[in-house]
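Quick note on labels: first sequence line is chain A, next is B, and so on, each numbered from 1. For the numbers below, each heavy atom of this structure counts, side chains included, while hydrogens, waters and symmetry mates do not.
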Number of protein chains: 2
Amino acid sequence: MDRTDRAIIDILEHEGRIANVDLAERVNLTPGPCLRRVQRLEATGVIRGYHAEIDPGAVGRGFEVMLDVDLARFDRESVDAFEQALAAFEEVAELHRLFGSPDYFVRIAVADLEAYERFLRDHVQTLPAVQRVSSRFTMKAIKR
Amino acid sequence: MDRTDRAIIDILEHEGRIANVDLAERVNLTPGPCLRRVQRLEATGVIRGYHAEIDPGAVGRGFEVMLDVDLARFDRESVDAFEQALAAFEEVAELHRLFGSPDYFVRIAVADLEAYERFLRDHVQTLPAVQRVSSRFTMKAIKR
DNA sequence: GGTGAAAGCTAGCCGGC
DNA sequence: GCCGGCTAGCTTTCACC
């Protein structure tokens, strides 16, 4: 992984759909070698995939909540069940296990307050190991 | 925005570099009309851009911290200065203004604990309006 | 929404350094 | 081992129906 690979990564991170010929020109390579580098970065897992960035409001995900969650039990089974259940929901935009307390940080993206209340009540509070949740509502997403 | 647009969005969100011919086939359209829809979604801001998803560890961003920040002042100038300064750093992966307390949620991604300490000391604690910061370290990113 | 044609891109192969 | 040139086949794009 050299300077050129870094340059390729920086460009693809912001312009994920750039044509290979244009990418090659930006990093001072011809298209052949440039494509080989991109494919190697993909194969080695440095590039994990490509995604369109969607306006959350346009698809009913304009209401975002930061959620702190504490569990009551930490046996492997409880932890796995909690993580898998939560990660499977489309409403869960982000899920991190933390050191210390709270045990988890979750970012939820739903349409509105009502949808949030429903999601919390029906899909989070009902998970067996969940002990405590604490919500903080986002006013504005400044950077993502 | 109809059912077909939704289908296009769902696919591009997960396969941002899919070829237009393949996308068209998946949503039962021919390439021409499919491309027009994608271009309209881009022009109206529903699709904001395309990004490669990079393995954080491979580019020195494997150490993630969730930061809560409270400000001392809320005049427009202080708020703007804080938000612009923070958003400009590459280390800031996410920045949300919240309702209530804390005032901000920030996700920081750096190489290691030492880099984090340096970033906090040199670039966050030094911002004039910052009153209090509280860090929570992530053990594992389960979903992003 | 579909069609067709021009322009442009991708991805493999091979030779050179 | 990595780059560049070349080429065949495919994709994108746009005007027109």
Side-chain angles (χ1 to χ4, degrees), chain A residues 1-62 90 93 109 111 143-144, chain B residues 1-63 90 93 109-112 115 143-144:
Chain A
M1 178 111 97
D2 59 9
R3 173 170 244 81
T4 304
D5 282 341
R6 295 291 178 124
I8 288 174
I9 290 168
D10 285 348
I11 293 172
L12 285 177
E13 199 165 355
H14 296 103
E15 298 167 53
R17 246 188 120 99
I18 189 174
N20 182 58
V21 278
D22 296 332
L23 177 61
E25 193 177 346
R26 294 264 290 272
V27 300
N28 297 311
L29 244 47
T30 49
C34 183
L35 182 64
R36 280 195 295 267
R37 279 172 182 267
V38 172
Q39 288 172 336
R40 196 183 57 224
L41 290 168
E42 289 168 356
T44 55
V46 175
I47 296 176
R48 291 180 173 170
Y50 299 89
H51 306 282
E53 181 189 344
I54 306 299
D55 174 10
V59 292
R61 301 235 180 285
E90 293 191 345
K143 182 173 180 180
R144 236 230 98 183
Chain B
M1 174 111 101
D2 59 8
R3 173 170 245 82
T4 304
D5 281 341
R6 295 291 178 124
I8 288 173
I9 290 168
D10 286 348
I11 293 172
L12 285 178
E13 199 164 356
H14 297 103
E15 298 167 53
R17 244 188 122 100
I18 189 175
N20 181 59
V21 278
D22 297 332
L23 177 61
E25 193 177 347
R26 293 263 291 272
V27 300
N28 298 310
L29 244 45
T30 48
C34 183
L35 181 64
R36 281 199 295 268
R37 279 174 181 268
V38 172
Q39 288 172 335
R40 196 184 60 226
L41 291 168
E42 289 167 356
T44 56
V46 174
I47 295 174
R48 290 180 173 169
Y50 300 90
H51 307 281
E53 181 189 345
I54 306 299
D55 174 9
V59 292
R61 300 233 181 288
F63 189 81
E90 293 191 345
V110 290
D112 52 30
K143 183 173 179 179
R144 233 234 99 183

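- Considering every non-hydrogen atom in both A:C34 and A:N20, the closest pair reads SG-OD1, 3.6 Å.
- Of the charged side-chain nitrogens involved, at least one lies within less than 4.0 Å of a carboxylate oxygen, so that B:D2 and B:R37 count as a salt-bridged pair.
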When every nucleotide of nucleotides 6-17 of chain C is labelled 5' to 3' by its protein contacts under 4.0 Å (heavy atoms), B for base, S for sugar-phosphate only, - for none, what sequence of letters results?
---SBB-B----
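- Between the B:R17 side chain and the A:I18 main chain, a donor and an acceptor come within less than 3.5 Å of each other.
- Looking at A:R40 and A:V46, their side chains never come closer than 4.5 Å, going by heavy atoms from C-beta outward.
- When the C1' atom of C:dG1 is taken as reference, atom CG of B:D5 falls 13 Å away, rounded to whole Å.
- Put simply, the residue from B:D10, B:D5, B:I8 that forms a side-chain contact (heavy atoms from CB on, under 4.5 Å) with B:V27 is B:I8.
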